[in-house]
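The following block contains the structure, expressed as C-alpha cells.
Quick note on labels: first sequence line is chain A, next is B, and so on, each numbered from 1.
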Amino acid sequence: MLEIKNIYKTFNAGTINEKKALQNLSLTLQDGDFCTVIGGNGAGKSTMLNAVSGVWPVDSGSILIDGEDISGLCEYKRAPFLGRVFQDPMTGTAADMQIIENLALASLRGQKRSMFRWGVPKADTEKYREMLKTLDLGLEDRLTTKVGLLSGGQRQALTLLMATLQKPKLLLLDEHTAALDPKTAAKVLEATQRIVEQNHLTTLMITHNMRDAIAYGNRLIMMYDGHIVVDVSGEQKKNLTVEQLLNLFVQASGSNEVNDKLILS
Amino acid sequence: MLDSLFANVASYFASLKLSALLRALPGGLAQGLIWGILALGVFMTFRMLGVSDLTVDGSMATGGAVCIMLVLSGVNPQLALLASFLAGMIAGVVTGFLHTRLGIPDILAGILTQISLYSINLNIMGKANQAVNVNKVVFLFTSNAKVLTRTIWIVFGVCLALILALYMYLGTEHGSALRATGINGNMARAQGINTNRMKVIGLALSNGLVALSGGVMSQYQGFADVKMGTGAIVIGLAAVIIGEVLGEALLGKHMNFFIRLSFVVLGSVIYYVVYVFVLWLKFPPDDMKLLTAVVVAIFLAVPNLRTAKKNSFNRLAKQNAKAAKLGKEG
C-alpha cells in the first residue's frame, strides 16, 4: 500500500543550522496495516509524515501509494490519497466555517469543485448528523456552529471524521492527541481505533505515548536519527512491554541516551 | 473679543444652508453606491482571503481609464464597463502571480502592481486625464442632475445583483474552497484545494469589481483621472469596517452572509453621506483623506483597545495597589 524507498531530506543544507532530518528512510506498509510510530524529539517522525503528505519535496528517494509514485506530486495533488489529522487542533479545520461546511469541504477531498453546485448539499445533512453522532461529543445538534467555538478535542474528532469521510488510501495521524487532556485523548483514540477498523484503513500514527503505541495497531516502528531502528509486528508486538521497547531502542541505536521525553511518556 | 468670536460662529452657522446639504445628498448616495462596488471587491480580499491587497488604488483608475478611452473610441459604454472589469481581473492576476509564483509578500506584490499600473494608466489615456463630452454620449450612470434619481436606482440595482452573485458564488463548492483557502491554507491543501490558484482567482475577482467601480465612476463624473484611485483601498476598508460594526450593532448574531455583504455596500453609502455632510460643514476638502485615515484607524483600533482594556497589566496593578491600601487602612 505505502512504500517509502530510501528517502533523504536535509533542511538548511550547507548552513550552520543544517539538519539531516531523514536519512535513507525506507518503510513498506501492507494493506490494512495500522502502524504506530515513536521516537524522540528530532527523530524524524513528523518529517516522515510531511514527506508523505508532500509539504515539500524530498531530496531523493521515492514514495509510492498503491504502486503509484507520488513523490513528484505537490501537497494538494496528493490529497486524494491521504487523510490527515495534525498535532495542532487548529490546523485540520477551518475555524470560521460551520461544522457542516467543513464536512462538505472534506467530502470533496481531491475532487473537482464546481462553481455550479452548492457547497453544502441539503441532502447530506442527515448523513453528517449520523456520522457526528458516532463521535459521542454532542456535535450532531450543532451542525451550523462555527468550528472555532469547539474545544480542541472536538476539533480533532471532527478532523478525524473529515479525514476519513472519503476513504483515504492512507491515514496519517501526527500526534493527533498530544494537545488534548488525557480523558479527551482517550476518547479520540477510541474513535480512531473504531474508524480505522470499520473502514479497514492503512494507518500511520505518530504518538509520544509508548503505551498507546503498544496498545494500538498491528505494527510498531521506532525512529532515530532520521530512519527506522526498531520494527516489530504481529505476536511480538502484542506481547511488548515498555521496558522491552526501551531495551530494543538502546540496542538498535547503540546509544544509552534515551530521550527524557521518551521515558516520561 | 468674545463678541467677535460669537459673530464668527454666528456667521459660520448662517453660511450653512440646509438646502445645499439636501442638494448634495443624492450625489453622495450615488457615489456611495458606486464605491460600494469597490468595497465588495475589497471585502473579497480583505475578509475572504485575508489579504490586504493594495492593487486597488491602481486598478480602480485602470477601470476608469479603460472605460473612458473605449467610449471615446466609440464603443458602447456598457461594453466598455465589461472591458474595465476584465482589465481589473488582469491586474489581480498579476498581483496573484507575483505573490503565489514569485513568493513576494502579498502587500508588496499589491504595491508593485499598483505602482506599475500608474504608468500603464498614463499609457492607456496618453495623459493624466481624459474626458468625454457628456452631451454627445448617453451614459447609464450619469451624474446629470435631471436623471440623478434614475442613476441612483440603476447603481442600486447593479450593487444588488453583484451582492447576489457574490453570495451565490461563495456558497458553491468552488466558493467554499476559496473561503477555506483564506481561513486555513493548510487545511485547504490537505483537502486537495490548490490554494495558490484560489488566491489568484480571488484577487482577479476582487480587482475586477474594483475596476468596474472605477469604470462606473468615470461615467458618473464624465472623465477618468490617473489619480482617481489614490486612497481607494482606505475608502474600501472604511466601507467594509463601518458596515461590519454597524451590522454587528444592529443585528448581532442574526446576520447571514447576504446581509453581511449588503452591509459592506451600506458602509460605503454611509461613508459618502458623512463625507458630504463634513464637506457641508466647510471642512477643507484637502484634509478629507486625512480624516478618512483617522476614521479607519479608529474603527480598526476599537475592538483591540476594548480587549486591551480588559487584559491590562496597568489596570491589575492599580486594582491591587488600591486593595492593599484599603487593607492597610482597615
Side-chain angles (χ1 to χ4, degrees), chain A residues 49-50 53-56 73-98 100-121 144-149 155 158-159 162-163 165-166 168 172 174, chain B residues 43-51 89 100-101 103 164-202 204-205 208 240 244 247-248 252-261 303:
Chain A
L49 251 56
N50 285 339
S53 310
V55 177
W56 25 252
L73 299 179
C74 64
E75 193 177 4
Y76 77 88
K77 282 187 183 157
R78 295 188 197 186
F81 310 106
L82 307 173
R84 292 159 70 191
V85 185
F86 308 85
Q87 182 171 359
D88 181 356
M90 302 298 158
T91 312
T93 47
D96 202 28
M97 292 172 95
Q98 301 166 354
I100 192 166
E101 285 181 301
N102 272 275
L103 285 166
L105 270 171
S107 74
L108 291 171
R109 176 165 49 76
Q111 292 177 23
K112 202 171 158 17
R113 290 164 201 269
S114 158
M115 279 191 210
F116 304 100
R117 274 196 302 267
W118 286 114
V120 183
T144 54
T145 303
K146 293 255 167 86
V147 171
L149 298 172
R155 284 180 81 156
L158 178 64
T159 310
M162 287 164 60
L165 201 54
Q166 276 248 30
L172 300 173
D174 186 357
Chain B
F43 178 85
M44 274 290 284
T45 44
F46 187 60
R47 281 303 182 220
M48 294 293 101
L49 283 181
V51 170
M89 284 187 91
T100 61
R101 294 283 157 192
L164 197 66
L166 273 184
Y167 172 77
M168 300 214 324
Y169 166 65
L170 290 168
T172 63
E173 292 173 358
H174 199 269
S176 298
L178 186 132
R179 284 187 291 142
T181 300
I183 297 168
N184 185 346
N186 282 319
M187 177 267 192
R189 278 186 296 279
Q191 301 303 337
I193 294 165
N194 183 347
T195 48
N196 280 343
R197 209 177 91 203
M198 282 299 163
K199 279 186 192 165
V200 175
I201 291 173
L205 267 179
V240 170
E244 276 174 0
E248 189 68 28
K253 283 182 179 167
H254 298 290
M255 188 133 80
N256 68 24
F257 197 69
F258 186 84
I259 298 177
R260 198 175 158 196
L261 286 168

Can a salt bridge be assigned to the pair B/Glu173 and A/Lys112 using a cut-off of 4.0 Å between side-chain N and carboxylate O?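 Not counted as a salt bridge, because no side-chain N and carboxylate O are separated by less than 4.0 Å.
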
Drop me the distance from A/Ser53's OG to B/Arg189's CZ, to the nearest 0.5 angstrom.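 So the OG of A/Ser53 and the CZ of B/Arg189 are separated by 11.5 Å.
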
With chain B, the option among A/Ala163, A/Ala95, A/Gly92 that has the most non-hydrogen atom pairs under 4.5 Å is A/Gly92

Considering only heavy atoms from C-beta outward, does the side chain of A/Met162 approach that of B/Gln191 to under 4.5 Å?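 Side-chain contact under 4.5 Å: yes.
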
If you apply the rule side-chain contact (heavy atoms from CB on, under 4.5 Å), what do you find for A/Arg117 with B/Thr172, and how did you get there? CA-CA 5 Å; A/Arg117 274 196 302 267; B/Thr172 63; over 6 Å; no

Evaluate the criterion side-chain contact (heavy atoms from CB on, under 4.5 Å) for residue pair B/Met168 and A/Trp118; output intermediate values, then yes/no. CA-CA 8 Å; B/Met168 300 214 324; A/Trp118 286 114; 4.2 Å; yes

Tell me whether B/Arg197 at atom CZ has more than 12 heavy atoms from other residues, nucleotides or ligands lying less than 6.0 Å away. no

Any donor-acceptor N/O pair, B/Asn184 side chain to A/Thr93 backbone, under 3.5 Å: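 Yes, the answer is positive, given that a donor and an acceptor are paired below the 3.5 Å cut-off.
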
Any side-chain heavy-atom pair of A/Tyr76 and B/Ile193 under 4.5 Å: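 Not touching, per the 4.5 Å side-chain cut-off.
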
Heavy atoms, side chains only, cut-off 4.5 Å: are A/Thr91 and B/Met187 in contact? no

Could you tell me which of B/Gly192, B/Ala180, B/Ser176 has the largest number of non-hydrogen atom pairs under 4.5 Å with chain A? B/Gly192

Would you give the length of the straight line joining atom CG of B/Leu178 to atom CE of A/Met115, rounded to the nearest 0.5 angstrom? 9.5 Å

